[in-house]
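Got a structure for you, questions after.
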Amino acid sequence: MNTFEQFEKHESGIRSYCRSFPVIFKQARGAELITADGKSYIDFLAGAGTLNYGHNHPVLKKALIEYLENDGLTHGLDMYSSAKESFLESFHRIVLEPRGLGDYVVQFSGPTGANSVEAALKLARKVTGRSNIISFTNGFHGCTVGALAATGNQHHRGAAGVPLTDVSRMPYANYFGDKVNTISMMDKLLSDPSSGVDKPAAVIVEVVQGEGGLNAASSDWMRKLEKVCRKHEMLLIVDDIQAGCGRTGTFFSFEEMGIKPDIITLSKSLSGFGLPFAVVVMRRELDQWEPGEHNGTFRGNNHAFVTATAALEHFWTSTEFADSVKAKGALIRERMQKIVRRHGPDSLFVKGRGMMIGISCPDGETAAAICAEAFENGLVIETSGNHSQVVKCLCPLIISEEQINKAMDILDAAFAKVMAAGAQHKAS
Ligand SMILES: *Cc1c(COP(=O)(O)O)cnc(C)c1O
């Protein structure tokens, strides 16, 4: 009997991650995934950055169970609820206020990242009266049409079925190597009335490109980008959906860079529990929405409010957690550099920042073979990048050092096997 009969017979061919990891998962705890037949895997995918606090974190789970047992509201459109009140209070006190963003307001968009990107782009266009948006090469912002127009990936863009318009693409930091200043290039195009680039409403940018291959912008590049935005009166939207919520070692990926985005999108790990939840955080003056003008049935997921609040209170009221992310990021980097030195000093290199790092391989086939080999040995790990060439380590931030070392041993062995096979293939 085919073990995957129900999925293969009844689910759309759109399914994708399950093709890389053909097992049926039943339980998950912390950084561990467990299949229906009891096999355990270390999770270096973590919901593509949705499970920063791991699976079923006990503190968050307890808060949610208590809330359910007390018949707390599950759905309430955008009505006031006690759970939303607590979230707004905690998010303001713990995240926004200490980071100099105390006067920013929060919009609850629909519950996905793409929903918050759509809302952010729509708002920027409404406020400025301009339609063009600047986004960057290899950027990923979601798969709904507005967000997809800002996304670079051809595989996703090809499925749009309509023209993807009103976005001008600019080269991301280091797109042409570290000698070419892509910000000067952008400034020149925007300053030239005959360049053909219409004055944009906003620039949307990821500080570390999650799907685009862990390209990381420097503080200097981000500060120059902010300056160009001010000069040309474009809003700066930071899409922190994947790099935010602690992934790079700080709550926001940009907060040690000395910049102040006009609009920030957050989703993925915001609920902390894997529940759908997204927000647009904006400067108060930009909040020019009419009541209900941008709508959605699932704006504000009360269960997500509960777990998000518990996550903020548990992880972000001291520096202990952020410090541990920095330390673990350094450990993973060190282990990766060892892998590079051992198995491909000329063809492999480490990319990314904080706990959003990976190893770039010569091509997508090599990276895929490494991930498949790692999966055989108990590690769930995926690729990203313009040619899917980057083996991406996106483990839960709460992972133990022991689990990191075990996962890196598996990865080391996978690189050893695949890189040796590649060298043999070349020689023959
Ligand atoms: C995942 C992601 C999105 C889209 O979020 P969805 O919930 O999949 O719609 C947007 N931007 C970035 C940077 C992302 O990583």
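We count ligands from 1, going down the list as the structure has it; atoms in each ligand are counted the same way.
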Flag if over 12 foreign heavy atoms under 6.0 Å of NZ, Lys126: yes
For Glu211, state whether at least one heavy atom is located under 4.0 Å from any atom of ligand 1. no
May I ask you to check whether Glu206 has an N/O atom sitting below 3.5 Å from an N/O atom of ligand 1? no
Under 4.0 angstrom from atom 7 (O) of ligand 1, is there any protein heavy atom? yes
Nearest option to atom 3 (C) of ligand 1, as decided by whichever heavy atom of Lys268, Glu118, Gln209 sits closest: Lys268
Under 3.5 Å, is there a donor-acceptor pair between the Trp316 and Ser90 side chains? no
Quick one: which ligand 1 atoms are inside 4.0 Å of a heavy atom on Asp239? 10 (C), 11 (N), 12 (C), 13 (C)
Which residue and heavy atom of the protein sit nearest atom 5 (O) of ligand 1, plus the separation: Gly113 CA, 3.2 Å
Could you check Glu85 against Ser82 for side chain to side chain donor-acceptor pair (under 3.5 Å), going step by step and ending with a plain yes or no? CA-CA 5 Å; Glu85 183 179 34; Ser82 306; 4.9 Å; no
Return the CD1 to CD distance between Ile34 and Gln27, rounded to the nearest 0.5 Å. 5.0 Å
heavy-atom search around atom 9 (O) of ligand 1 in the protein gives Ala114 N, 2.8 Å
Regarding Asn302 and His75, do their side chains bring together a donor and an acceptor under 3.5 Å, going by distance alone? no
Thr112, portion touching ligand 1 at heavy-atom distance under 4.0 Å: both
Answer yes if the ring centres of Phe87 and Phe277 are under 6.0 angstrom apart, and no otherwise. yes
